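Below is one structure, written out as structure tokens; comments come after it.
A, B, ... follow the sequence lines: proteins, then strands. Residue 1 opens every chain. Only a predicted model underlies this, so the values are computations on that prediction, with no experimental measurement involved.
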Number of protein chains: 4
Amino acid sequence: MPRKVREQQIIDVAVGIFAKRGYHAASVDEIAELAGISKPMVYLYLDSKEGLFLACLRREAERLVAAFQEAARGAGAAPELRLYAGLSAFFAFVTAHRDSWVVLHRQASELSEAIAAAVAEARRAVMAEVAGLIRDGITESGRGARLGGQDADFVAHALVGAADSLTDWMEHHPGQSPEAVTLRLMNMVWVGMRDVLDGEAWLPEG
Amino acid sequence: MPRKVREQQIIDVAVGIFAKRGYHAASVDEIAELAGISKPMVYLYLDSKEGLFLACLRREAERLVAAFQEAARGAGAAPELRLYAGLSAFFAFVTAHRDSWVVLHRQASELSEAIAAAVAEARRAVMAEVAGLIRDGITESGRGARLGGQDADFVAHALVGAADSLTDWMEHHPGQSPEAVTLRLMNMVWVGMRDVLDGEAWLPEG
Amino acid sequence: MPRKVREQQIIDVAVGIFAKRGYHAASVDEIAELAGISKPMVYLYLDSKEGLFLACLRREAERLVAAFQEAARGAGAAPELRLYAGLSAFFAFVTAHRDSWVVLHRQASELSEAIAAAVAEARRAVMAEVAGLIRDGITESGRGARLGGQDADFVAHALVGAADSLTDWMEHHPGQSPEAVTLRLMNMVWVGMRDVLDGEAWLPEG
Amino acid sequence: MPRKVREQQIIDVAVGIFAKRGYHAASVDEIAELAGISKPMVYLYLDSKEGLFLACLRREAERLVAAFQEAARGAGAAPELRLYAGLSAFFAFVTAHRDSWVVLHRQASELSEAIAAAVAEARRAVMAEVAGLIRDGITESGRGARLGGQDADFVAHALVGAADSLTDWMEHHPGQSPEAVTLRLMNMVWVGMRDVLDGEAWLPEG
DNA sequence: TATGAATGAGTATTCATTCAT
DNA sequence: GATGAATGAATACTCATTCAT
């Protein structure tokens, strides 16, 4: 069996176990056994438990970002439609691949530098993508005059954080389709942003 | 030294260590040593590593929720001002107590039933608070006709997720005061929500 | 409360706990709590866990031996009747005081020199008593010519071992009264011994 | 080194340590070290301290029962000769393998359910064997009329208890060969039983 | 390539025992 | 006389990792 295939098989199993048990509670023993392979092979291919987890992280992050980008790029020129398509792909992905999501989202802390860095990098990639779309949207709408680059970043963080949190929300509202969630989120954020840019400010005084 | 005082000292230290190392990597040995106490005392007072972590979780969650509620309640009658005050208190709290935040936010997975339940409960309490304010705001504005209870929940999840994520953003933009962040988030969400309620919909077609 | 009384109270509780949990699994904490006293008091009165156990051992051994002796002495002059009465008292005692018996009989090993010595001493006292009666019986019957002192000891060991074992047997045959068991054991041993002394030998050849 | 061999080595060592120190005082560390193996191997092969002890218990019980049965079966048809041969083998075994005997005989209490069950089972097996021979002896002698099944059990308990106790006695009388002890015990019990069955009763009145 | 056998290092937890008051 | 507070020391158990084959 070719090396690359074996490696992917191991990663497949590992993602499941890491999602179910968490990084620490997962044991290399269990992963090897479920992958139908001996432990030394796992070490030969992936180097260490950390290497194995990193491989999982990278593959799943890549898949998630790819899903987002592909959808966004296939959605024509309008930035808001691209954002919409990307978000839609995101919700579809996390719905379909819970394990990937759990590994990406819930294991960030208490891990080594290397892992924390990989997680941060994955998140940064998503943020950049989203912020880019937002920036484009602002520019295109001709409303960008008053805004520096920081604003798109701010909105991107808010939006991605909202999306993360709504992923949990979806779990408790199974009737809601990913599409419906996407649409509602777009409405809330995009309209808000647009109006704010139009000068419709909210101030504590009301 | 009286028991209650010692207990708080231990929890103080433990929050720091758990935040720095994560639940699994943290060792009871280290916590005891840093607290200037012997390990058996830790076990006598907090029962187990899990009990210790739960105590940390509960105390910090209580403090965070209390900060939010106190601020919100002291801010008059208008729901939007109360929400604003609450968010403001939230950002101030997580800025001032990074460790508390890390313990609350980043340790949810791979832990025992009991711990997961405590984390979920803490998050639920925050959500309920926020959703209540949003619901009040909708009702008071007279725009509630078209909305069921689920909508406030949806917005609350989006808002809380955005706030979580912006906490990370703040870390990389130290110039931004918690107040400024709060104001921008309010603008984005509140204005967006208000306008959506007013019928200003966004649809994929543009 | 006078010291002696307290001491006995502690020993009462300790016998129960040691019987229920065994020496090692029993914790001084539990004993102190059940005795309604603080741990340092237990140490003040009994010195150590081992001291406490020794005190239990000695008191219960004394009681058991006393029960046997008293019964034997109250039973007239005939050695066989005295033996019968003693055995009868023994079975009555272990039936009535299971905890004492368990502590005396089942904790002999894995303990310190001192404890092992105390157990051995208790057993030795019982053996001496029994062997004495047997020796008297042999002498009186005029059959002692062919026997040295070792024989009485041998029979005593066999008899006491049989009694120990029958204590377990009684537990699974609750219908059997201590008196009935005593009588059957006497018949088996006494008749056998008497006939053997009369020359009725058994040899492998049949 | 093949697994099965290692396992037996570990058990060999463990029997010695458990006999010397008792279950609780024995440490897995010490056993591993004496076996010239690392602790994780002990756990891999035997699962837990309890598992290790159970393995010792089962192996030694099996050996003892096997020694008894083999001797009894090789001794022809007469039940009394088979009993004699079995007892003889028993005394030879406990003389030759003191450690096995200590582990089997002195660790029954304060241990877990599982261990207590194993000990009880071992004793039950011995009892059944002995009781069977006694029952055969009674039947064959044509004296069984007046006896129910319980009597053989009663005699078996007495006999096994006597044998246990005489094992201790032998330790203090090194001059006595196992054969001599066996013969004396047979005489005492068998003759007594036979005569009792013949109607030669003993009653308290004399 | 593949693995059965092996381990060093570390962790949570418990308990008998003793001060300081 | 009495106790709440405190601890040193020990132990079962686990796991990532590697070697010999």
Inset, instruction - Have a look at C:Ala26 and say if it touches a base, only the backbone sugar-phosphate, or nothing, with a 4.0 Å heavy-atom cut-off. - result: sugar-phosphate
Legend entry - Cation-pi, D:Phe18 ring and D:Lys49 (6.0 angstrom, 45 degrees): no
Inset, instruction - Residues of residues 35-45 of chain C with any non-hydrogen atom less than 4.0 angstrom from an atom of DNA chain F: list those, numerically ordered, please. - result: C:Ser38, C:Lys39, C:Pro40, C:Met41, C:Leu44, C:Tyr45
Legend entry - For atom CD1 of C:Ile31 and atom P of E:dT17, their distance in whole Å: 11 Å
Inset, instruction - Can you tell me the distance, in whole Å, between the NZ atom of A:Lys49 and the C1' atom of F:dT18? - result: 17 Å
Legend entry - 5' precedence on DNA chain E between C:Ser27 and D:Arg6 (nearest-nucleotide basis): D:Arg6
Inset, instruction - Quickly work out the A:Asp29 CG to F:dT17 P distance and round it to whole Å. - result: 12 Å
Inset, instruction - Could you tell me how the ring of A:His24 sits relative to the ring of B:His24: parallel (under 30°), tilted (30 to 60°) or perpendicular (over 60°)? - result: parallel
Inset, instruction - Check for a donor-acceptor pair, side chain of A:His97 on one end and backbone N or O of A:Phe93 on the other, with a separation under 3.5 Å. - result: yes
Inset, instruction - Kindly indicate, with the supporting measurements, whether the criterion side-chain contact (heavy atoms from CB on, under 4.5 Å) is fulfilled by B:Asp47 and B:Tyr43. - result: CA-CA 4 Å; B:Asp47 258 6; B:Tyr43 279 87; over 6 Å; no
Inset, instruction - Grab the CD-P distance between C:Glu50 and E:dA16 for me, whole Å please. - result: 13 Å
Inset, instruction - May I ask you to verify if any side-chain N or O of D:Arg3 is less than 4.0 angstrom from the OP1 or OP2 atom of E:dA6? - result: no
Legend entry - Length of the CG-P vector between B:Leu46 and E:dT14, whole Å: 14 Å
Inset, instruction - Provide, to the nearest angstrom, the distance between the CZ atom belonging to B:Phe18 and the C1' atom belonging to E:dT11. - result: 13 Å
Legend entry - Nearest-neighbour nucleotide for the C:Ser48 side chain, F:dT17, E:dT17, E:dT11 considered: E:dT17
Inset, instruction - Specify the separation, in whole Å, of atom CG of C:Leu52 and atom C1' of E:dA16. - result: 12 Å
Inset, instruction - Flag the pair D:Glu30 and D:Arg21 as a salt bridge only when some basic side-chain nitrogen lies within less than 4.0 angstrom of an acidic carboxylate oxygen. - result: yes
Inset, instruction - State the pairing partner of E:dA20; accept Watson-Crick or G-U wobble contacts with both distances under 3.5 Å, and report none otherwise. - result: F:dT3
Legend entry - Carboxylate-amine/guanidinium proximity below 4.0 Å for A:Arg98 and A:Glu171: yes
Inset, instruction - Could you check how far OH of A:Tyr23 sits from P of F:dT14, rounded to whole Å? - result: 20 Å
Inset, instruction - Identify whether the distance between the nearest side-chain nitrogen and carboxylate oxygen of A:Glu62 and A:Arg59 falls below 4.0 Å. - result: no
Inset, instruction - Please give the nucleotide sitting opposite F:dT11 as a Watson-Crick or G-U wobble pair, both distances under 3.5 Å, or none. - result: E:dA12
